[in-house]
Amino acid sequence: MEDIRVGHGFDVHEIAPGLPMWLGGISIDSPDGFVAHSDGDVAIHALCDALLGALALGDIGHHFPDTSDEWAGIDSKILLEKVVEMVRAQGYLISNVDITIALQRPKIAPYIPQMRECLASIMGISSARVSVKATTTENLGFVGRGEGCEVWASALVCR
Ligand code: MG
């Protein structure tokens with residue numbers, strides 16, 4: 001039987017004024033950005049956890065602890081590269097991923113094609129296999145108040 005495995009990831013980052021905002025590997029034009037030990041790319045962090053989860057390899061905090069200076073301010077694309085290497089080392093291929101970003105502002109829909117291309121190239125798969133979706137929370141909750149961003153990700157891997 002073909003070995004197909006699914007993983008799920010979730011992450012949240014706080015938003016604060018004057019910080020860079022990276023999402024899905026792309027720099028977002030915004031007066032606010034994410035509070036983080038790394039570059040705060042909450043979409044890549046959720047994606048990494050989905051890929052790690054598919055193979056029961058723990059989570060991003062285990063592999064790249066935020067107590068380590070090694071990962072301070074790191075470009076999250078490098079973390080994703082390392083996770084993709086872990087998936088390949090286990091003999092698996094990434095079939096597809098699906099990411100949902102909940103952010104009140106700015107509107108990120110215009111950036112989605114770039115995010116899909118960027119993430120696909122890091123994972124070595126077609127952008128047709130990389131879904132990125134965006135939603136607001138209709139001004140409800142901490143996302144709606146502009147205090148944070150939540151991301152959910154799913155990943156399917158097979159060998
Ligand atoms: Mg994170």
Side-chain angles (χ1 to χ4, degrees), residues 5-90 94 96-109 111-112 114-123 125 130-137 140-157:
R5 301 178 63 159
V6 67
H8 173 255
F10 171 70
D11 197 23
V12 175
H13 276 269
E14 183 184 355
I15 293 172
L19 294 173
M21 180 178 282
W22 287 92
L23 265 178
I26 304 299
S27 175
I28 308 294
D29 185 17
S30 169
D32 309 310
F34 300 129
V35 177
H37 184 70
S38 67
D39 67 2
D41 193 324
V42 56
I44 288 187
H45 297 175
L47 175 57
C48 286
D49 268 0
L51 291 166
L52 291 169
L55 295 173
L57 292 173
D59 59 43
I60 192 171
H62 170 76
H63 292 284
F64 314 110
D66 64 8
T67 50
S68 164
D69 290 344
E70 189 181 356
W71 312 114
I74 195 165
D75 181 344
S76 293
K77 293 189 278 293
I78 294 168
L79 305 183
L80 179 57
E81 281 171 12
K82 291 181 180 295
V83 168
V84 170
E85 282 169 20
M86 288 181 223
V87 171
R88 291 200 182 120
Q90 300 273 320
I94 300 167
N96 73 297
V97 303
D98 186 18
I99 298 165
T100 302
I101 301 168
L103 182 68
Q104 193 62 41
R105 68 185 87 85
K107 294 287 181 217
I108 55 169
Y111 296 96
I112 285 178
Q114 289 170 263
M115 290 183 198
R116 293 177 63 206
E117 285 295 338
C118 176
L119 298 174
S121 79
I122 295 169
M123 292 186 286
I125 61 178
V130 180
S131 164
V132 178
K133 312 190 298 297
T135 184
T136 70
T137 61
L140 295 169
F142 72 84
V143 170
R145 291 189 296 271
E147 295 168 3
C149 176
E150 287 180 293
V151 180
W152 296 262
S154 302
L156 200 76
V157 302

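Counting starts at 1 for both ligands and their atoms, following the listed order. All residue numbers in this chain count up from 1 along the given sequence.
For the pairing with M115, the side chain to side chain contact (heavy atoms under 4.5 Å, CB included) check across V130, I101, I44 returns one residue only, I101. Screening L47, L119, D98, L23 against V132 for a side chain to side chain contact (heavy atoms under 4.5 Å, CB included) leaves a single residue, L119.
The ring-ring contact (aromatic ring centres under 6.0 Å, His included) analysis of residues 25-48, with sequence neighbours excluded, yields the pairs H13-H45.
E147 is linked by a salt bridge (charged side-chain N to carboxylate O under 4.0 Å, His left out) to R145, counting only residues two or more places apart in sequence or in another chain.
Near the Mg ion (ligand 1), less than 2.8 Å away, sit the protein N, O or S atoms D11 OD2, H13 NE2, H45 ND1.
At a threshold of 4.5 Å between non-hydrogen side-chain atoms, the residues V83 and L79 do not count as touching.
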Donor-acceptor contacts, no H, no angles, side chain residues 24-32, under 3.5 Å, sequence neighbours left out:
| residue | atom | partner | partner atom | Å |
| --- | --- | --- | --- | --- |
| S30 | OG | D32 | N | 3.0 |
| S30 | OG | D32 | O | 2.9 |

